[in-house]
Amino acid sequence: MIHFLVTIDTEEEREWGAEYKDHSQYTVRNIQFLEPLQKVFDRHGVKATYLIDYPVAADQKAMQILSDFRKNRQAEIGLHLHPWVNPPYEEERTLANTFPANLPPELQLKKLKILSDLISQKLGEQPLSYRAGRYGFNESSVPVLEELGVLVDSSVVPFRKGKQPFEPSFGYIASIEPYRLNRGNIKEKGDSSVLEVPVTVGFNKKLPQWLAKNYIDLPNIGLRRLLKKFWGLDLYWLRPSYANLNQMIELSEHLIRSGVSFLNMMFHSNELMPGGSKYCKTQDDVDRYLKRLDDYFTYLNANHSVRYVQLREMYQIYSG
């Protein structure tokens with residue numbers, strides 16, 4: 001039995017690298033384009049977790065759509081913090097401060113409390129799951145989540161290496177199984193009340209541990225390219241905008257054979273709106289994206305015993 005999650009960063013439309021403005025300067029029209037995606041989920045029994053940020057939570061039409069998904073379509077609504085669009089706006093507007101963990105813990109808490117309270121007001125239920133915007137997560141965020149009563153985090157991305165010193169880097173993680181966070185080192189098991197469920201990123205075949213540990217530090221245009229060409233080795237995200245159908249299947253099959261107990265697919269809501277992201281510029285792009293997902297779930301259900309779960313459900317499954 002494999003536990004399977006789809007965790008969606010549900011947010012405004014924007015071009016990364018553009019100026020970071022407050023929430024009043026963005027739209028969340030992409031939420032109105034999620035129905036075809038939800039139909040794919042309904043067809044395959046997928047329980048989606050929509051991790052929503054402040055502009056989405058503040059938009060009445062967006063919340064009506066997501067509330068219906070939650071009430072009638074087995075979806076969960078969780079938290080997603082983009083600091084630049086989430087009041088209070090007390091921080092300096094810098095690129096570094098777009099990563100939540102670069103803010104003082106007190107400000108992280110203020111922002112997340114406002115977001116959590118707004119979602120609770122709209123849904124009548126406290127959100128229990130979280131992913132940091134831009135994966136901006138470190139040890140400073142753990143007590144914040146504990147104080148908020150968040151049970152599950154999904155901000156850790158194995159093998160991610162930041163391009164700048166202020167960007168999150170998680171690197172090699174010995175085991176990607178869910179674990180209780182460690183307040184002193186978020187890559188190691190600890191005794192926090194918060195369960196970490198990493199995003200699924202991994203290799204398409206077995207390799208020596210020393211190579212796995214050092215892979216992300218190898219030159220991408222040198223040794224990594226040679227390993228791919230002559231050995232067929234590659235590192236994939238379980239993310240339909242980063243991997244094609246065969247790559248997602250290849251990654252999933254390798255991880256399942258390796259004994260991994262869960263898979264955590266992620267992507268962004270604005271990828272389902274034509275022109276909402278660089279990944280899907282036209283309706284044809286969106287249609288191909290949806291077909292890739294449909295074909296993937298068809299394959300997975302035909303070849304494996306799968307239990308689709310919400311992110312919050314992982315807390316009970318792995319509470320031991």
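Numbers here are sequence positions counted from 1.
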Just wondering, more than 12 heavy atoms not from E35 lying within 6.0 Å of its CD? yes
Using a 6.0 Å cut-off, check whether atom CZ of R160 has over 12 heavy atoms from anything other than its own residue. yes
Please name all residues satisfying side chain to side chain contact (heavy atoms under 4.5 Å, CB included) with K189, sequence neighbours left out, ordered by chain then number. Y179
Aromatic centroids of W231 and F203 separated by under 6.0 Å: no
If you look at every heavy atom in L293 and P240, which pair is closest and at what distance? CD2-CG, 3.8 Å
Who are the salt bridge (charged side-chain N to carboxylate O under 4.0 Å, His left out) partners of E146, not counting sequence neighbours? R183
Please work out which of the three classes, parallel, tilted or perpendicular, describes the rings of Y242 and W237, given edges at 30° and 60°. perpendicular
Classify the ring geometry between F137 and Y130 as parallel (under 30°), tilted (30 to 60°) or perpendicular (over 60°). tilted
Decide yes or no for P198 and E196: does some side-chain heavy atom of the first lie under 4.5 Å from some side-chain heavy atom of the second? yes
Answer with yes or no whether the side chains of Y296 and S252 bring together a donor and an acceptor at under 3.5 Å. yes
Before we go on, tell me: are the rings of Y289 and Y279 under 6.0 Å apart, centre to centre? no
Residue pairs meeting side-chain hydrogen bond (donor to acceptor under 3.5 Å, both in side chains), one or both in residues 52-66, sequence neighbours left out, come to D53-H82
Trace of the salt bridge (charged side-chain N to carboxylate O under 4.0 Å, His left out) decision for D42 with K39: CA-CA 5 Å; D42 294 345; K39 285 182 177 178; over 6 Å; no
Do L112 and V150 have side chains that approach each other closer than 4.5 Å (heavy atoms only, starting at C-beta)? no
Would you call H23 and Y89 a side-chain contact if the rule is heavy atoms closer than 4.5 Å? yes
Please determine, by modelled atom types, if T27 and E13 share a side-chain donor-acceptor pair under 3.5 angstrom. yes
Ring-face cation of R14 near Y20 (centre distance under 6.0 Å, axis angle within 45°): yes
Pair D285 + R288: basic N to acidic O under 4.0 Å: yes
Pairing residues for D287 by the side chain to side chain donor-acceptor pair (under 3.5 Å) criterion, not counting sequence neighbours: Q283
Are F4 and F297 an aromatic pair by the rule of ring centers under 6.0 Å? yes
Ignoring hydrogens and angles, write down the donor-acceptor pairs under 3.5 Å from the side chains of residues 210-218, residues two or more places apart or on other chains.
unit_1	atom_1	unit_2	atom_2	d
N214	ND2	W210	O	2.6
D217	OD1	K161	NZ	3.0

For residues H304 and E253, report the shortest heavy-atom separation together with the two atoms involved. NE2-OE2, 3.0 Å
Decide yes or no for E177 and V260: does some side-chain heavy atom of the first lie under 4.5 Å from some side-chain heavy atom of the second? yes
Check E12 with K21, please: is the shortest side-chain N to carboxylate O separation under 4.0 Å? no
E91 meets the side chain to side chain donor-acceptor pair (under 3.5 Å) criterion, sequence neighbours left out, with K111
